[in-house]
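Keep in mind that this is a model prediction, so the values were computed, not measured. Scope of the values below: all heavy atoms of this structure, side chains included, with no hydrogens, waters or symmetry mates.
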Amino acid sequence: STLASRGDLPPRVRQLLEGVLAICSSTLEKVLVATLDDVEAQLFRQAQQSRSNDQQYRMFETLREIKRGRSDVAPRYMMAVEDCLARFDEAHSKNAHEEKPKPGAPKQELSLVDSSDLEESLALQEFAAKNDIRHAQTLYALGHRFAVLAGAPVFDAETLPIGPTHLGDALRFASSNLDIPVDDRVLLYRVFDRLGQAGVTSLYEEINAYFIEQRVLRHLKLQAPRTKHAAQQTNEKEQPAQDAKPQQEEQHPATFGAPQGAPSFGGGAPARPAAPNPFMTPTTPLPGGLGDPRGRPQGTGGTRNLQVPQW
């Protein structure tokens with residue numbers, strides 16, 4: 001569907017969505033052109049370095065196919081983006097009216113997935129996951145602003161019409177007219193991810209600035225929560241440190257935190273003896289055989305001998 005077909009939307013909402021579409025068109029079309037140029041250069045380089053005639057022939061066929069259909073990739077991509085914007089309020093309404101499965105209801109049948117579809121899906125999922133982490137703050141703000149337009153709860157990164165998930169789906173739709181092997185299609189996705197980092201960052205920042213200019217939550221100040229991908233990576237980093245701490249305490253259960261030279265209790269390893277003090281090394285008595293400055297003889301009254309170090 002197109003934005004022009006959404007006559008049920010308020011005029012201001014449709015005007016804002018058309019402005020977002022114009023920003024996406026000016027930014028993402030440049031990224032697509034650079035992506036196709038880079039893919040063609042890589043395939044041509046691989047074809048020259050290939051030692052197999054069959055592989056070289058296949059790469060040249062892929063190059064010819066990309067040159068034939070590259071003029072349709074950008075328009076198809078923008079068609080998919082416009083379709084997501086035109087149906088931006090259907091995700092929440094669909095989830096709200098979706099009935100929960102009843103107890104004892106038959107489960108959905110499972111089916112095998114083609115290996116080529118699986119590779120493409122994994123590449124696009126990786127693209128979405130990395131961009132969810134990179135742009136968590138801006139996506140969180142966009143989720144609040146699109147929620148105002150839809151009159152619905154806050155959009156998350158997966159349901160956001162211009163979120164990384166929908167941008168990846170649009171790329172899959174745009175490149176579906178190219179009859180190329182799955183390996184080359186996955187290469188196209190990865191090059192788009194690499195070259196589109198700066199473009200996607202400027203895209204989200206520009207859309208947020210556009211909403212602020214149009215007085216859509218212009219004073220919004222939020223701190224984005226950690227995404228599930230970032231939280232999972234943080235937990236994986238903290239887990240080895242937590243596992244190593246009990247092991248250290250088990251190795252030295254009695255001497256942990258005890259001063260050097262103190263005896264150990266509970267069957268632990270004996271503490272290391274204290275290092276000799278240089279100020280208590282072999283000494284000489286005071287002149288006259290006196291061990292006490294007050295004139296008392298040495299060893300009387302339980303008084304310790306006063307000694308001075310030999311320098």
Side-chain angles (χ1 to χ4, degrees), residues 1-31 77-100 124-125 127-171 173-174 196-231:
S1 59
T2 60
L3 292 175
S5 63
R6 289 299 307 269
D8 57 322
L9 293 176
R12 174 165 168 75
V13 173
R14 188 167 60 182
Q15 177 187 0
L16 290 172
L17 293 177
E18 289 175 353
V20 173
L21 179 62
I23 295 173
C24 294
S25 177
S26 62
T27 303
L28 295 177
E29 287 184 357
K30 298 177 183 178
V31 177
Y77 190 90
M78 297 314 305
M79 285 174 54
V81 172
E82 184 178 6
D83 180 70
C84 292
L85 288 172
R87 296 185 297 104
F88 81 107
D89 57 343
E90 294 182 1
H92 286 80
S93 60
K94 181 179 179 181
N95 294 335
H97 295 86
E98 186 178 5
E99 296 182 358
K100 297 182 179 180
L124 293 176
Q125 288 175 9
F127 166 79
K130 290 191 296 186
N131 282 277
D132 286 348
I133 299 174
R134 291 172 188 161
H135 314 294
Q137 187 74 29
T138 52
L139 291 175
Y140 194 58
L142 287 174
H144 281 76
R145 293 189 165 101
F146 271 96
V148 172
L149 302 184
V154 179
F155 286 76
D156 56 14
E158 295 181 357
T159 58
L160 194 65
I162 54 172
T165 300
H166 286 95
L167 292 183
D169 294 339
L171 180 61
F173 172 78
Q197 291 184 14
V200 174
T201 301
S202 63
L203 171 69
Y204 291 147
E205 292 177 352
E206 189 173 355
I207 294 176
N208 266 318
Y210 171 74
F211 278 131
I212 294 174
E213 182 183 355
Q214 296 296 323
R215 302 185 304 277
V216 179
L217 296 180
R218 61 185 307 176
H219 300 295
L220 179 65
K221 292 182 180 180
L222 297 172
Q223 183 176 2
R226 293 191 306 173
T227 61
K228 59 183 181 180
H229 307 288

query: Nearest 0.5 Å, what's the CG-NE2 distance between L160 and H166?
result: 8.5 Å
task: Could you walk me through whether D8 and R6 pass salt bridge (Lys or Arg N to Asp or Glu O under 4.0 Å), step by step?
output: CA-CA 5 Å; D8 57 322; R6 289 299 307 269; 2.9 Å; yes
- prompt: According to the side chain to side chain donor-acceptor pair (under 3.5 Å) rule, which pairs have a member within residues 196-213, sequence neighbours left out?
  reply: R145-N208
- prompt: Only one of L17, V216, L149 clears side-chain contact (heavy atoms from CB on, under 4.5 Å) with R12; which?
  reply: V216
field: Side chain R14, main chain L9, donor-acceptor under 3.5 Å
entry: no
Interatomic spacing from NE2 in H219 to CG in L217 - rounded to 0.5 Å: 10.0 Å
task: Mark yes or no for whether T159, through its side chain, and F155, through its backbone, hold a donor-acceptor pair below 3.5 Å.
output: no
Gap separating the CD atom of Q15 from the CG atom of L3, nearest 0.5 angstrom: 12.0 Å
query: CG/L21 to CE/M78 distance, rounded to the nearest 0.5 angstrom?
result: 5.0 Å
message: So that I can tick it off, tell me whether D89 and R87 are bridged by a salt bridge, with the cut-off set at under 4.0 angstrom between side-chain N and carboxylate O.
response: no
Pairwise side-chain contact, Y77 with V31, heavy-atom cut-off 4.5 Å (strictly under): no
- prompt: Within a strict 4.5 Å, meaning less than it, do heavy atoms of the L203 and C24 side chains meet?
  reply: yes
message: Nearest 0.5 angstrom please: F146 CZ to I207 CD1, how far?
response: 6.0 Å
task: Kindly compute the distance separating CG (L139) from CD1 (I133), expressed to the nearest 0.5 Å.
output: 11.5 Å
Sub-4.5 Å side-chain heavy-atom contact between F88 and I162: no
- request: Grab the two heavy atoms, one from A170 and one from V81, that are nearest each other, plus how far apart they are.
  value: CB-CG2, 4.2 Å
- prompt: Do V200 and P164 touch side chain to side chain, with heavy atoms closer than 4.5 Å?
  reply: no
